[in-house]
Amino acid sequence: MGLRPSVSPCPAMKQTLLDLMRMSRICRMVLATCLGSFILVIFYFQSMFQPVMRRNPFAAEGCCRKGSRNALQELYNPTQAEFSAAAVLHQARRDQVADTCRAHSVSSRKRRVLTPSDLKHLVVDEEHELIYCYVPKVACTNWKRVMMVLSGRGKYSDPMEILSNEAHVPSNLKTLNQYSIPDINHRLKSYLKFLFVREPFERLVSAYRNKFTLRYNTSFHKRYGTKIVRRYRKNATTEALQSGADVKFQEFAEYLVDPGTQREAPLNEHWQTVYSLCHPCHIHYDLVGKYETLEEDANYVLKLAGVGDSLRFPTYAKSTRTTDQMAAIFFNNISSQQQGQLYQLYKLDFLMFNYSIPSYLKLQ
């Protein structure tokens with residue numbers, strides 16, 4: 001059987017086939033468009049009647065999710081009765097700061113404008129819109145741990161799992177001085193700003209005990225201890241001059257009240273005044289917490305931020321803390337003149353945060 005010769009279709013038939021192919025392609029495109037629109041309509045109505053919970057993929061399970069209102073709104077317009085009671089206390093603390101600042105402004109001729117370098121102690125949590133000014137020797141290690149949990153996007157869940165030295169690594173927290181001027185002003189206006197304070201002389205003695213009486217703090221011994229011994233100790237031994245490891249509280253006090261000390265450089269943050277670290281007369285702090293009521297005030301901040309049910313402030317070892325009685329022992333070893341000079345140095349902190357003059361102080 002031979003092959004049949006192929007017959008070429010006529011021009012009319014070719015055109016008809018091309019038209020059919022073109023129509024089928026258009027139909028496919030129309031069908032795909034209609035199908036896509038239909039799917040979008042389904043998702044739209046589904047979202048109306050069954051809203052999807054948006055979840056931060058970095059958030060720790062059950063921890064530190066931001067509430068519907070920010071902390072600043074909850075502080076000034078509380079929705080819960082327990083917040084209303086606390087609001088009265090914290091308003092009184094704000095008023096005390098404001099009154100002291102007004103009185104100081106009248107008596108002082110010094111006027112200055114803050115620069116970004118003044119804001120390096122203000123830690124920012126973008127997620128919960130918080131700004132915390134850390135003050136060394138006022139539970140700042142635990143507060144930095146908490147801020148790392150809050151701003152860590154799920155990297156941390158338990159503050160006490162964070163090593164203390166890790167909490168003090170600057171790159172682990174963002175501070176306000178790292179922002180542009182407009183961004184700084186925006187955050188100062190719209191975020192809740194808070195700090196924690198402590199009886200000034202208890203804090204001072206705590207700093208002395210931690211930095212000069214513990215053997216492992218060799219960096220402080222070398223940087224400050226050797227200088228203090230060289231300047232204020234007569235007949236110092238070669239070992240003391242080299243190590244700076246046995247600074248007496250009387251020598252430390254003499255170093256602090258020496259006018260030359262602050263001419264050299266600002267005081268170290270561990271014994272610098274809260275007034276100079278956090279600038280409460282330039283920055284309006286919404287909440288002033290106190291070391292004496294640390295857990296209560298700290299957990300109040302966390303509740304305002306909407307994370308009080310999932311995150312608690314760490315407890316601390318009360319047995320090792322510096323007390324008023326302990327501070328009295330150290331102050332009894334210095335002259336009444338040094339006592340008066342130290343009070344003048346920390347006077348604004350006493351007045352601003354409503355701490356009375358200690359009964360053991362012998363003011364001339």
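With hydrogens and angles disregarded, no donor-acceptor distance shorter than 3.5 Å links the side chain of Arg145 to the backbone of Pro314. Between the side chain of Gln344 and the backbone N or O of Gln341 there is no donor-acceptor pair closer than 3.5 Å. In this structure, Asn299 contributes its side chain and Phe313 its backbone to a donor-acceptor pair below 3.5 Å. Of the possible polar contacts, none joining the Asn185 side chain to the Pro182 backbone as a donor-acceptor pair under 3.5 Å is found. With hydrogens and angles disregarded, a donor-acceptor distance shorter than 3.5 Å links the side chain of Thr100 to the backbone of Gln96. Lys222 places a side-chain N or O within 3.5 Å of a backbone atom of Gln242 that can act as its donor or acceptor partner. Within the 3.5 Å criterion, the main-chain N or O of Val274 finds a donor-acceptor partner in the side chain of Asp349. Within the 3.5 Å criterion, the main-chain N or O of Asp246 finds a donor-acceptor partner in the side chain of Lys248. Listed for the Arg203 side chain is no donor-acceptor partner under 3.5 Å among the backbone atoms of Arg198. Looking only at distances, no side-chain donor or acceptor of Asn172 sits under 3.5 Å from a matching main-chain atom of Met148.
Taking the six-membered ring where the residue is Trp, Tyr255 and Tyr224 present perpendicular rings, their angle passing 60° and hence far from 30°. Relative orientation of the Tyr300 and Phe83 rings is perpendicular, given thresholds of 30° and 60° on the angle between their planes.
Taking all atoms of both residues into account, the shortest heavy-atom contact from Ser157 to Val149 is O-CG1, 4.0 Å. Minimum interatomic distance between Leu75 and Ala87 (heavy atoms only, all atoms of both residues): O-CB, 4.2 Å. Across all non-hydrogen atoms, the minimal contact from Thr226 to Leu241 is CG2-O, 3.3 Å. Val229 approaches Val247 most closely through the heavy-atom pair CG2-CG2, 4.1 Å.
Taking the ring centroids of Phe249 and Phe331, they lie under the 6.0 Å cut-off.
The closest side-chain donor-acceptor pair between Asp286 and Tyr76 falls under 3.5 angstrom. Gln91 and Arg94 are linked by a side-chain donor-acceptor pair at a separation below 3.5 angstrom, with hydrogens and angles left out of the test. Under the 3.5 Å distance criterion, with hydrogens and angles disregarded, no donor-acceptor pair is assigned to the side chains of Gln325 and Tyr360. A side-chain donor from one of Ser180 and Asp183 sits under 3.5 Å from a side-chain acceptor of the other. In this structure, a donor-acceptor pair under 3.5 Å is absent between the side chains of Glu202 and Tyr355.
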Next on the checklist: As a quick check of understanding, evaluate side-chain contact (heavy atoms from CB on, under 4.5 Å) for Ser206 and Arg321, giving each step before the final call.
Outcome noted: CA-CA 8 Å; Ser206 176; Arg321 63 166 288 189; over 6 Å; no
Next on the checklist: side-chain contact (heavy atoms from CB on, under 4.5 Å), that's the test. Do Leu114 and Ile283 meet it? Break it down for me.
Outcome noted: CA-CA 9 Å; Leu114 294 185; Ile283 297 172; 3.8 Å; yes
Next on the checklist: Using side-chain contact (heavy atoms from CB on, under 4.5 Å), reason through Asn210 and Thr322 one step at a time and then give a plain yes or no.
Outcome noted: CA-CA 10 Å; Asn210 180 255; Thr322 301; over 6 Å; no
Item to check | CA sep, side-chain torsions, deciding dist, call: Leu176, Lys193, side-chain contact (heavy atoms from CB on, under 4.5 Å) | outcome: CA-CA 11 Å; Leu176 197 59; Lys193 303 165 294 298; over 6 Å; no
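For the pair Lys137 and Tyr291, the cation-pi criterion (under 6.0 Å, within 45° of the ring axis) is not fulfilled. For Lys144 and Tyr134, the positive end sits near the middle of the six-membered ring, less than 6.0 Å away and at most 45° from its axis. Relative to the ring axis of Tyr179, Lys174 places its NZ or CZ within 45° and under 6.0 Å from the centre.
Checking Trp271, Phe201, Phe252 one by one against Tyr208, the ring-ring contact (aromatic ring centres under 6.0 Å, His included) holds for a single residue, Phe252. When each of Arg233, Lys227, Arg230 is paired with Glu251, the salt bridge (Lys or Arg N to Asp or Glu O under 4.0 Å) condition holds for Arg233 and for no other.
One finds no salt bridge joining Glu254 and Arg231 here, because no Lys/Arg side-chain nitrogen approaches an Asp/Glu carboxylate oxygen to under 4.0 Å.
Within 6.0 Å of NZ in Lys290 there are more than 12 heavy atoms belonging to other residues, nucleotides or ligands.
The closest side-chain heavy-atom distance from Val138 to Val197 is not below 4.5 Å.
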